[in-house]
Amino acid sequence: MRCPKYCENDKGKANTFMIKVLAFADSNKKWAGILLLLIAALCLMPPMGWAKRTHEVFFQGSDHELHVYRIYGKEPGKTLLLIGGIQGNEPGGFLSADLYADMALARGNLIVVPRANFYSIVLNRRQINEDMNRKFAQSSKENYETKIVSILKRLISESDCLLNLHDGSGFYSDRWESPMRNPKRYGQSIIADCNTYTVPETGEVLRLGDMAGRVIEKMNTHIKEPGHLFRFNNHRTQDPDTIHAEQRKSATYYALFQCGIPAFGIESSKSLSLETKVRHHNLAINAFMELLGVVPEAPGIYLDPPVMRYIVMAVNSNIPFAIPNGHTLRVRQGDVVSISNVEANYKRGLTADVLDHGTFNDIGKPIRIERPTQVIVRKDHHPCGMINIVLDPGQRPAYTVSALPEVMFFKTRINSQEHLFMNHASVALVKGDRLELVDVTTNLADPSEITVNFKGYVGDRQNNTGEDRGCVIHTDRDLWKWYSLDGKGEKYQVVVTHDETVLGRLFVELTEPKLDYVVLQINQGVKQCLFAGDTLSIDPQDTINILDIKTNIAENAGVQAFLKGIHRKVRLFSDGSAFPSKIDSGEVANDRNRCKIVVQRESMVIGSILLDLERGVRHGG
């Protein structure tokens with residue numbers, strides 16, 4: 001079924017208008033000359049619908065606010081829809097789309113949705129309730145993602161082509177080259193759901209492979225690194241043997257098979273720098289615009305670090321005033337503050353979060369202050385400014401603003417590697433990572449006057465001073481879950497205080513360690529990629545050689561693999577090195593199903609592969 005399209009009969013309306021005008025002129029002879037001159041002048045003017053921009057906001061004031069920008073060219077033409085940020089941890093796509101929201105067009109139209117899933121962008125997560133890019137098929141679940149997808153479907157119906165902008169894992173190749181470059185990777189590819197498609201209602205043939213090929217040819221002339229060249233990635237989504245059946249719920253599949261328009265996923269590799277990802281997305285967008293005849297004034301890449309200058313705020317509905325970045329607002333308990341504007345070096349993607357009071361975005365909302373807090377300003381998920389709010393014990397019905405010492409950055413070691421984080425940044429760790437709070441830099445003269453406390457960690461239970469600098473925290477066993485911010489042991493905070501005033505925070509987000517796959521050889525034969533839970537048939541005399549292990553752990557810190565049977569445990573892989581081993585033939589006689597390859601991080605098992613021991617199975621070599 002084709003999705004709904006516009007169906008106004010503008011020509012009929014224009015004819016009706018002319019008949020009425022001519023009838024009026026015939027009955028009013030003295031106005032006839034003037035009317036005919038006006039009609040002639042109007043005919044010479046360009047259509048009023050072209051050469052303009054509109055900005056529409058959906059769900060304003062909610063955590064999932066949606067901004068839609070429409071740009072109309074001076075001359076009519078095709079409409080290209082850009083969707084960025086449908087998965088919130090892919091900044092290359094939404095920062096690229098952002099560059100097109102203010103541009104001018106000579107011909108054709110753009111619909112730009114820079115941040116389709118703003119909630120997940122601010123939290124730097126792929127999804128919140130569900131993957132928004134798997135919501136375009138029928139869904140029984142009602143949530144904010146459902147509401148946004150219904151709007152995106154309407155925008156698709158208004159368009160002639162869709163580009164869904166993503167950052168993908170690794171580098172796509174149509175053959176296995178390495179764990180990071182193979183058919184199951186997405187990066188540096190243009191994805192379509194098929195090579196050609198005939199629209200049933202019109203008979204129009206959409207040659208998606210040809211379109212993508214022409215775009216890729218133009219893009220690759222600007223990419224110097226051979227390993228970063230783009231390729232066409234035909235998912236064959238409708239085919240019974242496709243490895244991408246989940247894409248039948250995606251935006252591109254809906255656009256192609258329900259609305260009959262060409263639709264593509266643009267995937268820059270997550271392995272590249274942010275500026276390179278944005279640049280490659282721009283190359284793709286510009287090439288598709290040229291292919292569709294949409295003539296732009298192309299934007300440049302603007303990736304300066306975000307910096308908040310000041311917040312415009314009112315207290316108890318009085319006259320608003322500006323509070324510079326890093327300053328302190330003193331109010332009485334129970335006063336109501338309202339943030340009306342954030343001034344920064346960016347216009348879009350800004351939020352202001354009154355910690356422990358409102359939601360993650362409190363712009364335009366009255367917030368009653370019950371305890372000391374901070375307002376954290378973010379550009380997407382990057383903190384870019386802060387003001388403190390403290391309670392004045394006096395009874396004066398007034399408020400004051402002053403500068404206050406603050407944390408400039410945190411110096412840490414993660415698995416013995418040094419890292420610096422700005423105030424109010426989030427640190428993504430995997431359970432088992434070792435975190436050391438080395439020190440903090442503030443604008444205080446004497447740093448010994450401050451306390452750095454990891455909430456949920458006690459280094460010395462006999463003498464808990466709350467000072468945790470210099471302590472090495474084992475994130476898999478040293479933390480108390482009930483002190484975590486979410487109560488689930490997934491998000492903690494480091495709080496820096498001077499006397500009783502909070503100077504800064506560092507947020508620590510923990511995920512479970514996960515095994516993606518193991519690359520191994522049997523008897524130096526063909527390389528095999530096995531996923532957690534797979535089963536491998538093997539002869540007891542074969543030699544197992546593990547070549548690589550892919551996990552979500554940075555540099556595979558602490559990751560080892562063991563061959564475990566009934567009577568023994570043999571190391572196969574540790575610290576990036578392989579230790580080839582044969583299986584003891586005695587294992588077969590006891591229990592052929594209890595021998596397995598187990599991948600661990602220290603004592604934590606993160607995945608395993610079952611070995612089916614069977615004499616006579618050959619793998620070559």
Side-chain angles (χ1 to χ4, degrees), residues 53-71 80-103 110-136 143-156 159 162-168 250-252 265-268 270 274 277-278 281-282 284-285 299 301-303 306 308 342 344-353 359-364 376-384 426:
R53 300 188 187 103
T54 65
H55 174 206
E56 193 171 5
V57 183
F58 298 88
F59 317 116
Q60 190 164 8
S62 71
D63 292 344
H64 51 274
E65 195 168 273
L66 181 70
H67 292 254
V68 177
Y69 302 86
R70 289 181 172 85
I71 302 102
L80 174 63
L81 171 60
L82 307 178
I83 297 178
I86 202 166
Q87 291 157 341
N89 61 346
E90 300 176 5
F94 63 74
L95 290 177
S96 174
D98 205 33
L99 299 172
Y100 290 79
D102 294 321
M103 74 185 315
L110 282 176
I111 302 175
V112 184
V113 186
R115 295 169 176 82
N117 197 346
F118 189 40
Y119 196 178
S120 71
I121 288 173
V122 173
L123 298 180
N124 195 27
R125 297 178 184 174
R126 178 182 174 91
Q127 65 187 64
I128 302 299
N129 299 305
E130 297 178 90
D131 188 335
M132 190 179 288
N133 201 35
R134 302 293 183 269
K135 293 278 289 178
F136 286 82
N143 43 43
Y144 86 84
E145 291 93 342
T146 307
K147 298 175 183 178
I148 290 176
V149 165
S150 68
I151 293 171
L152 297 180
K153 285 182 176 180
R154 177 163 65 82
L155 298 178
I156 291 172
S159 307
L162 164 65
L163 300 184
N164 201 0
L165 309 178
H166 292 272
D167 298 346
S250 69
T252 56
I266 312 299
E267 298 272 357
S268 63
K270 292 181 177 180
L274 179 59
K277 286 186 283 192
V278 172
H281 276 297
N282 285 3
I285 295 169
I301 296 179
Y302 177 71
L303 292 174
M308 185 267 280
V342 175
N345 58 341
Y346 288 86
K347 294 191 297 183
R348 288 181 292 276
L350 296 170
T351 58
D353 180 5
T359 64
F360 83 89
N361 186 13
D362 297 317
I363 296 176
I376 306 303
V377 174
R378 297 182 180 91
K379 163 69 167 66
D380 300 321
H381 63 274
H382 296 285
C384 64
S426 291

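Everything numeric here is computed off the predicted structure, so don't read it as measured data.
- D98 is linked by a side chain to side chain donor-acceptor pair (under 3.5 Å) to R115, R348, counting only residues two or more places apart in sequence or in another chain.
- With contacts defined as side-chain heavy-atom distances shorter than 4.5 Å, the pair I376/R378 qualifies.
- Closest approach of S159 and L81 over heavy atoms only: OG-CB, 3.3 Å.
- Across all non-hydrogen atoms, the minimal contact from C384 to P306 is CB-O, 3.3 Å.
- For the atom pair I285 CD1 and L82 CG, the distance stands at 5.0 Å (nearest 0.5 Å).
- Not one N or O on the side chain of N124 forms a donor-acceptor pair closer than 3.5 Å with the backbone of I121.
- In this structure, R126 and E90 have side chains that are in contact, with non-hydrogen atoms separated by less than 4.5 Å.
- For M103 against L110, the heavy-atom pair with the smallest separation is SD-CD1, 3.5 Å.
- Using modelled atom types and a 3.5 Å distance limit, the side chains of N117 and E145 yield no donor-acceptor pair.
- No side-chain donor from either of N133 and S250 sits under 3.5 Å from a side-chain acceptor of the other.
- Annotation: ring-ring contact (aromatic ring centres under 6.0 Å, His included) contacts of F59 (sequence neighbours excluded): H64.
- Taking CG of D102 as the reference point, atom CZ of R53 lies at 6.0 Å (rounded to 0.5 Å).
- The side-chain heavy atoms of L99 and V278, taken from C-beta on, include a pair separated by under 4.5 Å.
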Practice task
Go through V57 and H67 one step at a time and tell me if the side chain to side chain contact (heavy atoms under 4.5 Å, CB included) criterion holds.
Solution key: CA-CA 5 Å; V57 183; H67 292 254; 3.6 Å; yes

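- Annotation: side chain to side chain donor-acceptor pair (under 3.5 Å) contacts of Q60 (sequence neighbours excluded): none.
- Interatomic distance, CG of D131 versus CD1 of I86, reported as 8.0 Å (0.5 Å rounding).
- Here K379 contributes atom NZ and L350 contributes atom CG; the two are 7.0 Å apart, rounded to the nearest 0.5 Å.
- Exactly one residue among H166, K277, H281 makes a side chain to side chain donor-acceptor pair (under 3.5 Å) with S268. That residue is H281.
- No side-chain heavy atom of L66 sits under 4.5 Å from any side-chain heavy atom of K147.
- Between Y119 and Y144, the ring-plane angle classifies as tilted under the 30° and 60° cut-offs.
- Expressed to the nearest 0.5 Å, how far CZ of R70 lies from NE2 of H55 amounts to 11.0 Å.
- Considering CD1 of I148 and OG of S62, their distance stands at 7.5 Å, rounded to 0.5 Å.
- If you check the side chains of N361 and E65, you find no donor sitting under 3.5 Å from an acceptor.
- Considering every non-hydrogen atom in both I156 and A251, the closest pair reads CD1-O, 4.2 Å.
- Taking both residues in full, the closest heavy atoms of F360 and D353 are given as O-CB, 3.3 Å, listed atom of the first, atom of the second, then distance.
- Between D63 and I128 the shortest side-chain heavy-atom distance does not fall below 4.5 Å.
- When every heavy atom of G93 is checked against every heavy atom of D167, the shortest pair comes out as N-OD1, 3.5 Å.
- The shortest distance between side-chain heavy atoms of F136 and T252 does not fall below 4.5 Å.
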